[in-house]
Visitor: 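Input: one structure, supplied below.
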Amino acid sequence: MAKIKLSSWFNGKESSSSNGDAESKKNNRRSFFLSNKEPEANGNSSTPTNGTATNGTAAAPPSEMIALAQKITRETEKLEAYMKKNNLPMPSFDVDAPADFPKLPEEIAQSRQEIISATKQLGLLAHGPRESLRWGIWEFLDVLALNAINHYDIAKLFPIDSTITLDELQTKTTLDPINLARLLRLAMTNGIFREPSPGVIAHTAASRALAEDTDLTAWIGFNGEDIFPAAAHVLEALKADPQATSLTRTGFQYAFDTVDKEPMFVTFGKDPHRARRMGKAMVSLTGGEGYEPSYFVDVEKGGYDFTELDKKGGTFVDVGGSHGFICVDLAKRYKNMKFVVQDLPKTVDSAPKPMSEDAQVAERITLLAHDFFTEQVTKDADVYYFRWIMHNYSTPYAIKILKNLIPALKPGARILINDHCLREAGQENPWDERVMRRMDVVMLALLNAQERSEAEFRELFKAVDERFVFKVGLFFLSPVFPCRC
Ligand SMILES: C[S@@+](CC[C@H](N)C(=O)[O-])C[C@H]1O[C@@H](n2cnc3c(N)ncnc32)[C@H](O)[C@@H]1O
């Protein structure tokens with residue numbers, strides 16, 4: 001069975017999921033979508049919703065820009081009222097402002113989303129299309145400035161609560177004064193550092209995060225120094241191989257001169273600094289709401305229910321399961337199931353042993369070195385689980401991985417895919433849509449891989465074996481039952 005988690009990238013988005021039922025979650029998504037598409041239908045204090053002005057004459061509907069501006073005001077007021085009521089600080093550029101919003105209730109998280117997407121749309125309209133395109137393409141220069149500041153650790157070179165002159169700051173770095181100043185001043189236009197008086201630099205909330213959050217700086221480094229060059233070479237890769245499926249002919253290989261030599265993961269395997277940085281970057285990425293294993297493990301949060309499998313002491317195989325944290329959490333909840341965590345030898349070797357302090361948990365988990373490009377060695381298990389594996393591979397590779405399972409599958413065995421599932425364009429809330437479309441292109445740049453929609457997952461499984469049965473659940477698109485009979 002394929003099970004696909006539709007997780008949100010937006011902090012707080014799913015925050016009510018533990019107490020809200022399935023249907024209300026579904027409706028929440030729907031209501032956001034409708035209100036986003038029909039801003040004028042939401043009404044506001046100055047425009048009666050029936051389109052009639054207070055003097056009885058028909059009022060012209062507000063322009064798109066005014067409707068967006070009103071929406072921003074309305075939703076910001078809701079957000080502020082919540083923050084004030086709960087004694088929470090409003091966002092600010094000030095160095096002491098919190099780096100994150102706290103977990104917000106669903107309705108307030110939705111207001112925040114509305115503000116973000118309406119602000120973006122209003123900005124686009126205010127710029128107009130030609131100007132948006134002309135200057136939008138320059139966003140890579142913002143990335144360049146942030147990347148350099150991050151690379152040279154500029155935020156760590158002076159205390160958070162003090163200022164420093166540019167001259168003194170320059171003595172602490174190998175960047176020359178002109179380049180230091182120009183990169184800093186570009187970054188300042190994005191709220192990173194400020195210059196309270198000429199030549200004097202102070203921290204902001206964003207530069208403070210750069211000084212204090214090493215997972216975040218690893219994320220920026222991985223993006224700036226690995227993904228950014230790879231992205232710049234995607235056109236070259238696409239021109240050479242328009243079908244873009246090879247793991248060794250991606251933008252990454254063109255950027256780092258490894259075309260036809262090795263996949264990105266092999267390159268990282270030879271470079272401990274880059275490998276460590278990517279590992280920390282993943283910690284930063286997955287620290288956000290919606291990525292916790294609990295979304296898969298906790299039935300109360302809409303996770304997968306293994307009660308029946310547990311009753312019969314079934315076997316769950318986590319293919320490419322890293323250090324087995326999903327199995328540990330499942331084993332704590334289900335006391336009879338057995339677990340196999342498969343990964344490459346290096347990863348298996350570095351996994352904690354025992355896997356858990358709780359002996360009853362640890363004794364039911366087996367760690368096994370297994371390459372998923374070879375035939376599956378754990379035969380007749382009940383579930384083969386792939387979390388964040390398929391999106392790393394283009395279809396030919398994904399087919400190989402899944403075909404390697406077929407000889408091991410007993411009738412009724414399930415394949416469970418825990419990956420993002422792309423919705424049709426325009427169906428997701430605008431922020432999640434943007435992040436996921438970007439993630440899809442990151443997968444192209446690094447691995448010639450892709451995020452997939454439900455239809456694409458169906459196609460993939462069909463190409464592997466016609467006997468798979470693909471079922472769709474409420475929140476998870478689920479499941480595929482491969483049947484060998
Ligand atoms: C993106 S991580 C996902 C890890 C884990 N499933 C999770 O949800 O965090 C991909 C995992 O696949 C493993 N991997 C990569 N190539 C593999 C292969 N050929 N066979 C088995 N595991 C592999 C990596 O070591 C890594 O642990």
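Each ligand, and each atom within it, is numbered from 1 in the order the structure gives. Starting from 1, each residue takes its place in the sequence as its number. Here the structure is a predicted model, which is why all the values come from computation and not from measurement.
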Visitor: Just jot down the salt bridge (Lys or Arg N to Asp or Glu O under 4.0 Å) partners of K338, sequence neighbours excluded, or say none.
Guide: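 Counting only residues at least two positions away or on another chain, K338 forms no salt bridge (Lys or Arg N to Asp or Glu O under 4.0 Å).
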Visitor: Quick check: does any side chain N or O of N86 sit under 3.5 Å from a backbone N or O of L88, one acting as donor and the other as acceptor?
Guide: no
Visitor: Is the closest N or O pair between Q342 and ligand 1 shorter than 3.5 Å?
Guide: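 No, since none of the N or O atoms of Q342 sits under 3.5 Å from an N or O of ligand 1.
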Visitor: Measuring from non-hydrogen atoms of F386 to any atom of ligand 1, is the shortest distance under 4.0 Å?
Guide: no
Visitor: Can you list every side chain to side chain donor-acceptor pair (under 3.5 Å) pair that touches residues 313-322, not counting sequence neighbours?
Guide: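 Sorted pair list comes back empty.
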Visitor: Which ligand 1 atoms does F373 reach within 4.0 Å, using its non-hydrogen atoms?
Guide: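 In order of numbering, the contacting atoms are 19 (N).
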Visitor: Identify the protein heavy atom lying closest to atom 25 (O) of ligand 1, giving its residue, its atom name and the separation to 0.1 Å.
Guide: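 Checked against all protein heavy atoms, atom 25 (O) of ligand 1 sits closest to D343 OD1, 2.6 Å.
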Visitor: Identify the closest protein heavy atom to atom 11 (C) of ligand 1: which residue and atom is it, and at what distance?
Guide: G320 O, 3.6 Å
Visitor: What do you reckon, does Y393 put a non-hydrogen atom under 4.0 Å from ligand 1?
Guide: yes
Visitor: Any ion pair linking E466 and K462 (charged N to carboxylate O, less than 4.0 Å)?
Guide: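 No, this pair does not count.
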Visitor: Tell me the contacting part of I389 for ligand 1: side chain, backbone, both, or neither, using a 4.0 Å heavy-atom threshold, strictly below.
Guide: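 The part of I389 near ligand 1 is the side chain, not the backbone.
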Visitor: Examine R414 relative to F386 and say whether NZ or CZ is less than 6.0 Å from the centre of the six-membered ring and inside a 45° cone about the ring axis.
Guide: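 Ring-cation test returns no.
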Visitor: I'd like to know whether F256 forms a ring pair (Phe, Tyr, Trp, His ring centres under 6.0 Å) with F252, so could you lay out the CA-CA distance, the side-chain angles of the two residues, the decisive distance to 0.1 Å, and finally the verdict.
Guide: CA-CA 6 Å; F256 296 106; F252 184 88; 4.8 Å; yes
Visitor: Just to confirm my output: which protein heavy-atom neighbour is closest to atom 3 (C) of ligand 1, and how far is it?
Guide: R387 O, 3.6 Å
Visitor: Going by atom types only, do Q342 and T378 share a side-chain donor-acceptor pair under 3.5 Å?
Guide: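 T378 and Q342 do have a side-chain donor-acceptor pair below 3.5 Å.
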Visitor: Need the ligand 1 atom indices (1-based, order shown) with element for anything under 4.0 Å from a heavy-atom of T347.
Guide: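 Those of ligand 1 that fall under 4.0 Å from T347 are 25 (O).
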Visitor: Which atoms of ligand 1 are found less than 4.0 Å from any heavy atom of N392?
Guide: 1 (C)
Visitor: Hey, does H370 sit under 4.0 Å from ligand 1 if you only count heavy atoms?
Guide: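 Per 4.0 Å heavy-atom rule, H370 contacts ligand 1.
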Visitor: Please list, in number order, the atoms of ligand 1 under 4.0 Å from a heavy atom of W388.
Guide: 1 (C), 3 (C)
Visitor: Does any donor atom in the side chain of Q450 or H391 lie under 3.5 Å from an acceptor atom in the other side chain?
Guide: no
Visitor: So, Y393 versus F373, ring centres under 6.0 angstrom or not?
Guide: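 Yes, ring centres under 6.0 Å apart.
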Visitor: Under 4.0 Å from any heavy atom of F325, which atoms of ligand 1 are there?
Guide: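 Per the distance check, 7 (C), 9 (O).
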Visitor: Check this for me, if you would: do R452 and D440 make a salt bridge, where the nitrogen-to-carboxylate-oxygen distance has to be below 4.0 angstrom?
Guide: no
Visitor: Only heavy atoms of D371, strictly under 4.0 Å: list the atoms of ligand 1 that pass.
Guide: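 It comes down to these atoms of ligand 1: 18 (C), 19 (N), 20 (N).
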Visitor: Please report which non-hydrogen protein atom sits nearest to atom 23 (C) of ligand 1, along with the residue it belongs to and the distance in Å to one decimal place.
Guide: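 Checking every protein heavy atom, the shortest distance to atom 23 (C) of ligand 1 gives F372 CE2, 3.2 Å.
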